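Reading through the structure tokens given below for one structure.
Since we're looking at a predicted model, the values are computed, not measured. Sequence lines set the chain letters: A, B, ... in the order given, protein chains first and strands last, and positions in each chain run from 1.
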Number of protein chains: 2
Amino acid sequence: MSKAETATGVKLGRLGDYVGFRLRRVQNQLSRDFVNATANRGLRSGLFSSLALISANPGISQAELSREIAMDKSVTVSLLDDLERRGWAARKRSTQDRRRHALYITPEGERELEEIFAVVSTTENAVLHQLSPAELMLLSELLDRMYAVCVREE
Amino acid sequence: MSKAETATGVKLGRLGDYVGFRLRRVQNQLSRDFVNATANRGLRSGLFSSLALISANPGISQAELSREIAMDKSVTVSLLDDLERRGWAARKRSTQDRRRHALYITPEGERELEEIFAVVSTTENAVLHQLSPAELMLLSELLDRMYAVCVREE
DNA sequence: AAATATAGTTGACTTATTCAACCAATTTGC
DNA sequence: GCAAATTGGTTGAATAAGTCAACTATATTT
């Protein structure tokens with residue numbers, strides 16, 4: 001059994017037996033770090049990952065994007081409005097299927113993305129340099145295996 | 001390099017290089033599972049973990065609880081109002097320090113907590129049985145090491 | 001005893017999340 | 001080929017979450 005007490009002397013009790021709890025703790029902290037590190041840019045939640053996915057999948061549709069990051073499609077609309085306003089991404093009406101918007105990142109968006117990735121790397125490394133490269137790979141693999149089940153079950 | 005493409009054919013691109021991203025994915029899914037599985041009880045966010053921590057730390061104060069789950073103390077107030085209304089927890093004015101509320105779980109709360117833990121176990125196991133016991137322990141250990149750094153840095 | 005700090009509460013404000021309704025374009029089933 | 005159903009995108013309303021400053025009461029510090 002792993003340590004059931006925190007730095008402040010508060011006991012975790014049975015909560016400490018759940019991986020989900022540990023996962024959430026770490027993730028919350030990483031996410032707070034991210035928000036702090038990028039506060040000056042005023043990035044709303046989901047904006048960074050949307051931009052990254054558009055960059056990696058030029059021409060992706062809003063529906064696909066929504067599915068991938070599990071956002072309601074209405075959120076995607078306003079996120080895209082935001083990205084277009086900033087000049088970081090653009091919607092182009094698809095010629096094959098005229099319902100769809102094909103999404104593209106702009107050069108400015110690409111530059112911005114580059115900078116944000118650099119910031120994320122820095123904050124992540126602050127936590128991850130605790131782990132050896134082998135452990136890091138293992139961690140990723142375990143998380144992927146867990147995620148694969150989640151998705152399959154839907 | 002691990003797989004950079006998802007089930008739907010969407011590429012993760014550089015996003016796939018970040019452990020934080022994988023962590024978030026899995027955590028989001030687990031958290032959705034939890035919400036679905038407990039939807040009938042109408043548990044607001046933070047209520048379950050608060051109750052569990054009160055159970056593990058009888059007499060804990062609201063401030064300590066707030067710190068432990070990184071909630072604003074005003075949120076803790078309304079969470080406690082909720083828990084008292086349900087009859088799952090009670091505030092008692094501390095006699096040593098009359099500013100503090102010492103928090104206690106009630107027998108009903110304990111029963112409810114038991115049930116919720118059972119539900120959580122079920123949903124978590126659906127994902128975790130993918131991992132061997134050894135891998136599970138390793139995962140917990142890695143997460144704890146990551147979390148330890150987060151906390152130390154504050 | 002005055003100044004400072006901590007515990008809890010309240011209310012205002014901002015941001016996220018969820019949901020239903022709607023239009024336009026496409027696909028499916030006769 | 002046409003009606004019905006589905007999908008992609010948009011809008012707006014409703015609810016929930018998260019953040020913050022102000023305030024009371026009690027403790028602690030000096």
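Applying the salt bridge (Lys or Arg N to Asp or Glu O under 4.0 Å) criterion to A:R86, with sequence neighbours excluded, gives A:D82.
The nearest heavy atom of DNA chain C to B:L103 and to A:Q96 marks one nucleotide each, and the one closer to the 5' end goes with B:L103. In terms of position on DNA chain C, the residue among A:D97 and B:A102 whose nearest nucleotide sits closer to the 5' end is B:A102.
Electrostatic pairing of A:E110 and B:R14 counts as a salt bridge here, judged by a charged N lying under 4.0 Å from a carboxylate O.
For the residue pair B:Q62 / B:R100, no side-chain donor-acceptor distance below 3.5 Å is found, with atom types taken as modelled. Side-chain contact of B:Y18 with A:S121: a donor-acceptor pair under 3.5 Å is present, judged by distance alone.
Contacts between residues 77-95 of chain A and DNA chain C, defined by a heavy-atom separation under 4.0 Å, are absent.
A salt bridge (Lys or Arg N to Asp or Glu O under 4.0 Å) check over residues 119-129 of chain B, counting only residues at least two apart or in different chains, returns nothing.
The separation between B:R100 atom CZ and C:dT9 atom P is 13 Å, rounded to whole Å. What separates CG of A:L47 from P of C:dT15 is a distance of 14 Å, to the nearest Å. Here the P atom of nucleotide C:dA16 and the CG atom of B:N28 are 15 Å apart, to the nearest Å.
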Task: B/S/- contact track for nucleotides 16-25 of chain D, protein heavy atom under 4.0 Å - done: -SSBB----B

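Closest to the A:H101 side chain, of the nucleotides D:dG8, D:dT10, D:dT26, is D:dT10.
A donor-acceptor pair under 3.5 Å is absent between the side-chain atoms of B:R91 and the main chain of B:A102, judged by distance alone. Judged by distance alone, the side chain of A:E135 and the main-chain N or O of A:S132 form a donor-acceptor pair under 3.5 Å. Remark: the backbone N or O of A:S61 is paired with a side-chain donor or acceptor of A:E64 at under 3.5 angstrom. In this structure, the side chain of B:D33 does not engage the main chain of B:T123 through any donor-acceptor pair within 3.5 Å. Under a 3.5 Å cut-off, the side chain of B:R93 and the backbone N or O of B:H101 do not form any donor-acceptor pair.
Checking B:Q130, B:R25, B:Q27 one by one against A:Y147, the side-chain contact (heavy atoms from CB on, under 4.5 Å) holds for a single residue, B:R25. When each of B:L131, B:L136, B:L128, B:L142 is checked for a side-chain contact (heavy atoms from CB on, under 4.5 Å) with A:L142, only B:L131 meets the rule.
For C:dT9, one of the phosphate oxygens OP1 or OP2 lies less than 4.0 angstrom from a side-chain nitrogen or oxygen of B:Q62.
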List, with names and distances, any nitrogen or oxygen atoms from the protein found under 3.5 Å away from nitrogen or oxygen atoms belonging to nucleotides 1-3 of chain C.
none

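Across B:A90 and B:T106, no two heavy atoms sit closer than the pair N-CG2, 4.5 Å.
In this structure, the helix from C:dA1-D:dT30 to C:dC30-D:dG1 shows an angle of 30° between the axis at its start and the axis at its end, each fitted on 5 base pairs and rounded to 10°.
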